[in-house]
Amino acid sequence: MRVCVVGSGGREHALAVVLGRTAEVVVTPGNPGIPGSVSTPPEEIDADLFVIGPEQPLVDGLADRLRERGALVYGPGADGAQLEGSKAWMKQILVEAGVATAAHGSFSEVEPALAFLDTMHDLFVVKTDGLAAGKGVVVTELRAEAEDAVRSYLSGEAFGDAGRTLVIEEGLTGPELSVFAICDGTRAVPMSPATDFKRVADGDLGPNTGGMGAYSPVDIATPAIVDQLMADAVEPTLAALTKRGIDYRGTLYAGLMFTPSGPKMLEYNVRFGDPETQVVLPRLESDLAALLADAAAGSLGPGPTFSTDATTTVVCASENYPKSPRTGDVIEGIDAARALDGVDVFCAGVGAGPSGELITAGGRVLNVVGRGPNLAEARRRAYAGVAEISWSGMHYRTDIALEASQRSG
Ligand code: AMP
Ligand code: GLY
């Protein structure tokens, strides 16, 4: 089978490597650190299966355009992608499907938004309705900061049109969980869960990012909890989509928080998570190309199986990420990291310098993945890999998977 992966980040690198176990893979546009990258647009590529990585092309209808040409595509059409393209719409679907989520309201005017903020306490959450590359969410204990976000979002100053409608939510606390459900339009099967670290600095401090690291499996996400999530959230959501005439074939990424009053859905995304994919897929024992092709064809078989090994990924980010990342720094040490036992490196924001050397070309640059028989060893290996890598201004969190590895060994 020939598979075309659409996208250019660490998630797509991991997809390409794991699909490459059983298929021929081409990645568009990819990046200079991902083998098999081509600049040909997806519409001009001949493939048995297209796997679309990021949300923006899904929201823009790439899956629909490819399907119109008769292609087999893993990824929802623009209709289903609205789950991620509009948080207000996603919240409506959650309520319709009876899924437990944070109390919320959507607003496009300042005064009602501020009045709603006044009904919240302790933790204020303000989100852009539209896509903002993982950066449109403010979670703060300071009402003044939440008010600033409301004003700068609604004026269009902070995120353009993506912020002109916003969602305000009750702040929840607890460990987070990402579960990727593989959907074929009517059925869904879960992948092994992962936990992502969203804040830029150790101790969950600093601004939210696209994700600074992840680990899998997650001890607190027992198979019973995952089954319950499928029955209480994913299946009713698919049914709510079907009721609206939406044939959802792709990943339904459930982002949950384990709150003191039980798991609650923070969000759905319509694609695999980044960097969670980089820890989930390497543990997959089933044939990924066959799994995604079956989902795309509307004929999912039994759910995938996973190794009992653990994985941890640490994101190495460029100077000033997430604010205004500096690019163009020369990256050293990828090969030395890959030479270590149980270590792999996926390339995300990577470009090529004048003599073909790899340079930083984005905020999140590399995902160093450690794999081992338990989480403590996976984590140790990931950080041993990180120690081999350097560029000017590189930074990373030192506490990825720390607590969980102390819990579960
Ligand atoms: P989202 O894009 O909606 O997943 O939000 C990004 C991140 O913001 C989440 O992964 C959480 O870390 C945080 N977050 C989102 N919603 C809430 C909430 N209601 N309470 C606390 N943190 C939240
Ligand atoms: N890691 C979070 C996301 O992919 O949205």
Side-chain angles (χ1 to χ4, degrees), residues 7 9-12 14-15 53-56 58-59 83-91 94 100-106 116-117 120-141 146 149 153 159 162-163 166-180 191 193-201 204-216 251-261 263-281 313-315 317 322 346 348 363-364 367 397 400:
R11 165 185 51 212
E12 287 73 30
L15 278 163
E55 59 278 13
Q56 189 74 57
L58 292 165
V59 170
L83 274 182
E84 186 162 358
S86 166
K87 283 191 195 287
W89 192 77
M90 183 238 322
K91 284 287 193 178
L94 285 178
T101 186
H104 61 277
S106 348
F116 191 72
L117 268 189
M120 309 262 132
H121 31 85
D122 301 334
L123 199 55
F124 304 93
V125 182
V126 183
K127 304 179 173 186
T128 58
D129 175 59
L131 294 181
K135 294 178 202 145
V137 178
V138 168
V139 181
T140 178
E141 288 162 15
Y153 286 13
F159 293 101
L166 53 76
V167 172
I168 295 177
E169 273 184 21
E170 156 199 25
L172 303 174
T173 52
E176 289 189 44
L177 184 69
S178 304
V179 179
F180 305 146
M191 300 287 248
T195 283
D196 178 20
F197 294 75
K198 288 274 169 44
R199 302 287 187 129
V200 74
D204 290 330
L205 298 175
N208 258 317
T209 70
M212 291 300 288
Y215 67 88
S216 178
T251 305
L252 192 54
Y253 158 157
L256 294 125
M257 201 169 253
F258 279 99
T259 74
S261 56
K264 286 197 179 168
M265 191 70 70
L266 289 182
E267 63 167 349
Y268 277 128
N269 292 318
V270 299
R271 47 161 178 94
F272 288 113
D274 188 343
E276 297 97 313
T277 301
Q278 292 88 310
V279 288
V280 171
L281 292 188
T313 188
V314 178
V315 171
F346 295 123
R364 295 189 294 170
N367 310 123
R397 279 182 64 157
I400 303 300

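Sequence positions, counted from 1, serve as the residue numbers for this chain. Values below: every heavy atom of this structure, side chains too, minus hydrogens, waters and symmetry copies. Order of listing sets the numbers, starting from 1, for every ligand and every atom in it.
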Heavy atoms only: give me the nearest Met191-Phe272 pair and the separation to one decimal.
CE-CE2, 4.3 Å
Tell me which one of Glu176, Glu169, Lys127 gets a heavy atom nearest to atom 12 (O) of ligand 1.
Glu176
With backbone taken as N, CA, C and O and side chain as the heavy atoms from C-beta onward, which portion of Glu170 lies under 4.0 Å from ligand 1: side chain, backbone, both, or neither?
backbone
Report yes if Lys198 has an N/O atom closer than 3.5 Å to an N/O atom of ligand 2; otherwise report no.
no
For Gly10 and Asn367, which heavy atoms make the closest approach, and how far apart are they?
CA-OD1, 3.3 Å
Indicate the ring-plane relationship of Tyr253 and Phe180, choosing parallel, tilted or perpendicular according to the 30° and 60° boundaries.
tilted
May I ask whether Arg271 has any heavy atom positioned less than 4.0 angstrom from an atom of ligand 2?
yes
Short list, please: which atoms of ligand 1 are under 4.0 Å from a heavy atom of Gly171?
20 (N)
Reference residue Glu267; test side chain to side chain contact (heavy atoms under 4.5 Å, CB included); the match among Met90, Met257, Glu169
Met90
Sorted by chain and number, sequence neighbours left out, salt bridge (charged side-chain N to carboxylate O under 4.0 Å, His left out) with Arg397 holds for Asp204, Asp399
Does some non-hydrogen atom of Pro275 fall short of 4.0 Å from ligand 2?
yes
Contact check, Gly211 vs ligand 2, heavy-atom distance below 4.0 Å
no
Answer yes or no: does an N/O atom from Phe272 fall short of 3.5 Å to an N/O atom of ligand 2?
no
Can you tell me how the ring of Tyr215 sits relative to the ring of Phe197, calling it parallel under 30°, perpendicular over 60° and tilted otherwise?
tilted
Does Gly255 come within less than 4.0 angstrom of ligand 1, counting non-hydrogen atoms of the residue?
no
Where on Thr173 is there a heavy atom closer than 4.0 Å to ligand 1, on the side chain, on the backbone, on both, or on neither?
neither
Yes or no on side chain to side chain contact (heavy atoms under 4.5 Å, CB included) for Arg11 and Gln278, after CA distance, side-chain angles and deciding distance?
CA-CA 6 Å; Arg11 165 185 51 212; Gln278 292 88 310; 4.2 Å; yes
Considering only non-hydrogen protein atoms, determine which one is nearest to atom 3 (C) of ligand 2 and report residue, atom name and distance to 0.1 Å.
Tyr253 OH, 3.5 Å
Check if His104 has a non-hydrogen atom at a distance under 4.0 Å from any atom of ligand 1.
no
Note: Leu172 and Leu123 closest approach over all heavy atoms is O-CD2, 3.6 Å
Please name all residues satisfying salt bridge (charged side-chain N to carboxylate O under 4.0 Å, His left out) with Lys264, sequence neighbours left out, ordered by chain then number.
none
May I ask you to identify, for Leu172, whether its side chain, its backbone, both or neither come under 4.0 Å of ligand 1 on a heavy-atom basis?
both
